[in-house]
Structures are given as structure tokens and as C-alpha cells.
Amino acid sequence: MSTTGATADPLATLGSLPGVAESVETVRKAVDRVYGHRVMRRRSNAVTSEAALRGSRGSAALSGADWALEEVRRRTDFSADAEARVVGGALRLTAEAGQLLSIWRQSPLRVLARLHLVAAASEGPETGRPRQAGEAVDEPLVELPLPDAPEVSGRLEGLADLIIAGSAAPALVTAAVVHGELLALRPFTSHNGLIARAAERIVLIGSGLDPKAVCPAEVGHAELGRASYLAALEGYVSGTPEGMAAWIAHCGRAVELGARESTAVCEALQRGAA
């Protein structure tokens, strides 16, 4: 996403693209339905915990580790193989996201570095910093052209400037841009998909749209499917108004589906079945 131009608030400009306002309104109604459920008045912590688990499972599925929810729930060792490490990374990122809300608006690059450290769970020289020239990226499920290190650095700085400056744009728009930009850039040598979705979660929570983290967009992204996800991402990378609007709408639909998932959790809790 270009961060230059005549407007001082490019994110707000995206909010005026055709169809975006409708997506924003639909998402708001879906979120309000969850928060208005009677179970949320008494057992919101239980709903938040379940949403975190399901969101982690969804994010891992999009990164190639499509485990059943009950397998994620029962497993305690996430170091056995590559898929297990992906699921473990997703779980750690979801847990960490809530601890980084106060830092995000002041230092988003610091938060992104921390997310990579948490996801990678290693101490290699490439961990916790944007990739440098010549370093490979392990992100086989995203096959779009890979920006070089100088472009990554410049665009990360531009994204950070937008977040620090603040915007009148709806939370959905900001979350979608953060998510899309990180996936397009793949700024780290690994775990970029998990990090992009964790950053989207941080924006949705920190903006006040989903303060209790009960509308896991990761669930919706996984439900919509990897092919749809990557096709929408191509629209974002194209930079066209139509492509950007389609990506924002896709992210909006993912939040709606996450909200629907937690509404079902609320209903199960009400029946005493979960």
C-alpha cells in the first residue's frame, strides 16, 4: 500500500471505496450480536478463551497445519514436527497479542519484532528483525512476488507511521490493511502469515471493535478457505480500488464468521454443553 499522496489519512480514503461502508456496517452488527448475548454478561471470559483457541486453530490451518479443534485442545507438546510447531506458534501468538495492545500504537515495529520472536521460539540471528538482503523466506503457501529488503524496510516504516499517526478509518479497514501489507511484504524469514493474522487481531481488539477478543477473524479466514484468502490477497497486492475493496470485504466477512462462531459458543454455554 502506498502511504504517499495528497491525503493525510490514506486509510480513511480506503473507507470510502465502493462497498466498504456496507462491509463495515455488517461487521458492526455481527459483533454487536455477540456482545449482546446474555452469556456475555456472565461468562465472557469463557467465550474469550474459546475464541482464542479456535482463532489459533484457524490461523495455523491457513499456514498448512489444519488440525481438528479437539486435537489442538488436547495436545500439550507442540515441538514434535513442523505442523506441531506451526500450531504452537499460533497458540503463543494469540496469547501474546493481548499483552501488546498498549505498545502497538506507540511502536508497531517493536510489536512485530516481538511477534516474530514468539512465533519462531528460537534465537537465530534472523529472529525478531526484518529480513536482510539475500535471506530466504519460508512462506510456501503465499507465492506472490517477494519485495526486496529495502522495499520491505520502507513500507514497514510507512505502515508504522500510519498506525502511530492514527486514522479516522473504521477498525476493519485498518486491520485489513495491516494484515494485507504484512502478508504482501513477508518481512520476516518465517511465520509471516501467523504474524499478519495476529496483527489483525491486535488492531481489532485495540480499536475497541472487539475489546474482549470474541470475534476471531482467523476462524473466518480459515472457513472461507485458503484459495479465497489468497485470491483476495492478490487484490490487495494489485493496489487497485477494486482489489483493495475486495480484500477489505474479505476480511470483514472473516470477522463476521468469527462472530458467528462465538455466538454458537455462547449458545452452547447457555445450554450447558460447553
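Predicted model, so just to flag it, every value in this text is computed and none were measured.
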Listed partners of Arg253 passing salt bridge (Lys or Arg N to Asp or Glu O under 4.0 Å), at least two apart: Glu256
Test of understanding: with side chain to side chain donor-acceptor pair (under 3.5 Å), list the residues that count as partners of Tyr35, not counting sequence neighbours. Asp210
With sequence neighbours excluded, what pairs up with Glu50 under the salt bridge (Lys or Arg N to Asp or Glu O under 4.0 Å) test? Arg54, Arg73
Quick one: list whatever passes salt bridge (Lys or Arg N to Asp or Glu O under 4.0 Å) with Asp66, sequence neighbours left out. Arg57
Among all residues two or more places apart in sequence or in another chain, which pass the ring pair (Phe, Tyr, Trp, His ring centres under 6.0 Å) test with His191? none
ring-ring contact (aromatic ring centres under 6.0 Å, His included) pairs touching residues 127-156, sequence neighbours excluded, are none
Can you list every pair that meets salt bridge (charged side-chain N to carboxylate O under 4.0 Å, His left out) and has a residue in residues 119-131, with sequence neighbours left out? Arg129-Glu135
Qualifying residues under salt bridge (Lys or Arg N to Asp or Glu O under 4.0 Å), relative to Glu139, sequence neighbours excluded: none
Side-chain donor-acceptor pairs under 3.5 Å in residues 98-113, sequence neighbours left out?
from   : atom 1 : to     : atom 2 : distance (Å)
Arg105 : NE     : Ile163 : O      : 3.1

Please list, chain by chain and in numerical order, all residues satisfying side chain to side chain donor-acceptor pair (under 3.5 Å) with Thr94, sequence neighbours excluded. Ser56
If you look only at pairs with a residue in residues 160-172, which of them pass as a side-chain hydrogen bond (donor to acceptor under 3.5 Å, both in side chains), with sequence neighbours excluded? Asp9-Ser167
Which residue pairs pass the side-chain hydrogen bond (donor to acceptor under 3.5 Å, both in side chains) test when at least one of the two sits in residues 74-84, sequence neighbours left out? Trp67-Glu83, Glu71-Arg74, Glu71-Arg75, Asp77-Ser79
